[in-house]
Amino acid sequence: MKIKILIADDHHVVRRGLVFFLRTQEQIEIVGEAGNGKEAVELARTLNPDIILMDLIMPVMNGIEATKIIKAENPDIKIMMLTSFSDQEHVIPAIEAGASGYQLKDIQPDELVKAIFRIMDGENQLHPKATSLVLKHLSGNNRHERKLLDELTRRELEVLKEIASGKSNKEIAASLYITEKTVKTHVSNVLAKLELADRTQAALYAVRNRLVDQEPPSA
């Protein structure tokens, strides 16, 4: 079975160059070309490619927005960002949108093919610059979250763990031997201190920081 690839890039010369090279690979089949993100979304629906080589900056719809839509409609489609940008403002949103790979356009042709195969094998393929930014982003978020957790009192931390277990205010009150009114006060304090909007975010926060082992309750 050949790997079906859709190429999305608004620069005709770049797009045709990729097509010309990848068609020399026996295990790869180019099923379509898109000149912008909107076309990529539409072609993804009809062609159902295995992987999309997606440019970031394109007219009509950029690669990040296109990636979000495509991954929401068909999570099985792999997307590799192929771009000239390696800054945090582009890398992080692309990964968060669902891209499995992030490579720069100066990548060697044979390395590009290897990256495609590895993505199809379930690996994430990030350019070293992208990897560095992602790790820095995750590390920064974790440090910030841990610092906020330190602001919680022992009782507020207990309430957070109970929230993550999916318990109601009444159940938390019974578990901690306090009144529902006190629980409500603690919940409000937890959300304020952790800069969160609701209980679902609080539950996710607790799981992300390994305060509980189970998955957070669904919204």
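Numbering starts at 1 and runs along the sequence shown. Small disclaimer: the values here were computed from a predicted structure and weren't measured.
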**Report entry** For Q103 against A115, the heavy-atom pair lying closest together
**Finding:** NE2-CB, 4.4 Å
Side-chain donor-acceptor distances from residues 16-28 under 3.5 Å, at least two apart:
| unit_1 | atom_1 | unit_2 | atom_2 | d |
| --- | --- | --- | --- | --- |
| R16 | NH1 | E33 | OE1 | 3.3 |
| R16 | NH1 | E33 | OE2 | 2.3 |
| T24 | OG1 | F21 | O | 2.4 |

Query raised in the report: Considering only heavy atoms from C-beta outward, does the side chain of L56 approach that of N62 to under 4.5 Å?
Result: no
Report task. List for me each residue that meets salt bridge (Lys or Arg N to Asp or Glu O under 4.0 Å) alongside E158, sequence neighbours excluded, and say none if there are none. Result -> R154, R155
Report task. Say whether, by atom type as modelled, one donor and one acceptor occur between the side chain of K4 and the main chain of I51 under 3.5 angstrom. Result -> no
Query raised in the report: For E171, does its backbone N or O pair with a side-chain atom of K167 as donor and acceptor, under 3.5 Å?
Result: no
Report task. For the residue pair K193 and T153, establish whether any side-chain heavy-atom pair is separated by less than 4.5 Å. Result -> yes
Query raised in the report: Going by an N to O cut-off under 4.0 Å, is there a salt bridge joining K105 and D55?
Result: yes
Report task. Would you mind listing every salt bridge (Lys or Arg N to Asp or Glu O under 4.0 Å) that reaches into residues 175-189, with sequence neighbours excluded? Result -> none
**Report entry** E162 side chain to V159 backbone, donor-acceptor under 3.5 Å
**Finding:** no
Query raised in the report: Is a side-chain donor-acceptor pair under 3.5 Å present for T185 with S188?
Result: no
Query raised in the report: Taking only residues two or more places apart in sequence or in another chain, which ones pass side chain to side chain contact (heavy atoms under 4.5 Å, CB included) with A97?
Result: I64, T67, K68
Query raised in the report: Any sub-3.5 Å donor-acceptor pair from E39's side-chain atoms to G35's backbone N or O?
Result: yes
Query - Those residues that, when tested against E29, pass salt bridge (Lys or Arg N to Asp or Glu O under 4.0 Å) (two or more places apart) - result: none
Requested in this report: With sequence neighbours excluded, tell me which residues meet side chain to side chain donor-acceptor pair (under 3.5 Å) with K38.
Outcome: E42
